[in-house]
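Remember, it's 1-based here, ligands and their atoms both numbered in the order they're listed.
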Amino acid sequence: MKFHVFVFVGVVHFLSLSSGKAVYGNGVSQRTFQEIKEGIACYGDAAKAIINLAVYGKAQNRSYERLALLVDTVGPRLSGSKSLEKAIQIMHQNLQEDGLENVHLEPVKIPHWERGEGSAVMLEPRIHKMAVLGLGSSIGTPPEGITAEVLVVTSFDELRRRAPEARGKIVVYNQPYTNYSRAVQYRVQGAVEAAKVGALASLIRSVASFSIY
Ligand SMILES: *[C@@H]1O[C@H](CO)[C@@H](O)[C@H](O)[C@H]1NC(C)=O
Ligand SMILES: *[C@@H]1O[C@H](CO)[C@@H](O)[C@H](O)[C@H]1NC(C)=O
């Protein structure tokens, strides 16, 4: 099988992503369940008031309605995009209208990445155009794209076992979907692991139990 991958990325800024990484395991509190229970007991009334406001009171449906407005009118909100700016303005206005104190905006620097155009075509054993989407922060191919054989693997273990076969190829991850936290590792680490074994590019199936395509 041969694939031609053409991913053109308009503007790419490479920034360290480490500051945005979720912390699993380490930062977890060592307090016992009993200690936590005692520590938060005094917030019971405040929590009840918030829940009542959101579920039965003046703010009933507000979260859903605001989310619907964002999704319908703003759409995807990649960091540094015009639509994120629009979303921030809407939220700023909403919070002011709610009468919250100290609602203000501050200028910040954030990573900015634009998707550009992307396409993938299987050349052998037959021509087949595929629907692809560049993952956020992907590095673009050269303008002429990348044409290479693919190596299909179902796990990082298989990739490491077959490392000598991966050099110069496009690694295709066909990981089984067990649960999101397991499967999403291929989205997060797939390109890096493919690069470590000398692959030219990597593709990954959607991180979902079901695909309509
Ligand atoms: C919230 O949505 C429900 C279901 O659509 C509706 O019955 C209810 O009247 C809404 N509440 C408010 C305050 O708009
Ligand atoms: C996800 O599935 C893996 C097995 O594939 C399992 O080891 C892990 O505990 C599961 N994680 C969650 C959060 O269910």
Original post:
Does the protein put a heavy atom less than 4.0 Å from atom 2 (O) of ligand 1?
Top reply: yes
Original post:
Is there at least one pair of N or O atoms, one from E65 and one from ligand 1, spaced under 3.5 Å apart?
Top reply: no
Subject >> Point-to-point distance, once rounded to the nearest 0.5 Å, from CD1 of I90 to CZ of R66 >> reply: 10.5 Å
Original post:
Would a search of protein heavy atoms around atom 11 (N) of ligand 2 find one under 4.0 Å away?
Top reply: yes
Original post:
Got the closest protein heavy atom to atom 9 (O) of ligand 1, with its distance?
Top reply: Q60 OE1, 4.5 Å
**OP:** Can you label the angle between the Y186 ring and the F156 ring as parallel, tilted or perpendicular, going by 30° and 60°?
**Re:** parallel
**OP:** List every atom of ligand 1 that sits less than 4.0 Å from any heavy atom of N61, numbering the atoms from 1 in the order shown and giving each element.
**Re:** 1 (C), 2 (O), 3 (C), 8 (C), 10 (C), 11 (N), 12 (C), 14 (O)
Subject >> For T178, atoms of ligand 2 separated by under 4.0 Å from a heavy atom >> reply: 2 (O), 5 (O)
Original post:
Do Q93 and Q89 have side-chain N/O donor and acceptor atoms under 3.5 Å apart?
Top reply: no
Original post:
Are E193 and K196 close enough, and set up right, to give a salt bridge (Lys or Arg N to Asp or Glu O under 4.0 Å), and what steps lead you there?
Top reply: CA-CA 5 Å; E193 294 303 320; K196 281 186 195 163; 3.0 Å; yes
Subject >> Pairwise distance OH(Y173) to CD(Q185) - rounded to 0.5 angstrom >> reply: 11.5 Å
Subject >> atom 5 (O) of ligand 1 protein-contacted, heavy-atom criterion under 4.0 angstrom >> reply: no
**OP:** If you have a sec, work out which protein heavy atom is nearest atom 14 (O) of ligand 2 and how many Å separate them, to one decimal?
**Re:** N179 ND2, 3.2 Å
Original post:
Between OG1 of T32 and CD of E35, what distance do you get to the nearest 0.5 Å?
Top reply: 3.5 Å
Original post:
For the side chain of R205 and the backbone of Q175, is there at least one donor-acceptor N/O pair under 3.5 Å apart?
Top reply: yes
Original post:
What residue and atom, counting heavy atoms only, is the protein's closest point to atom 7 (O) of ligand 2, and at what distance?
Top reply: R182 NH2, 3.3 Å
**OP:** Taking only heavy atoms of S181 into account, list the atoms of ligand 2 that are under 4.0 Å away from them.
**Re:** 11 (N), 13 (C)
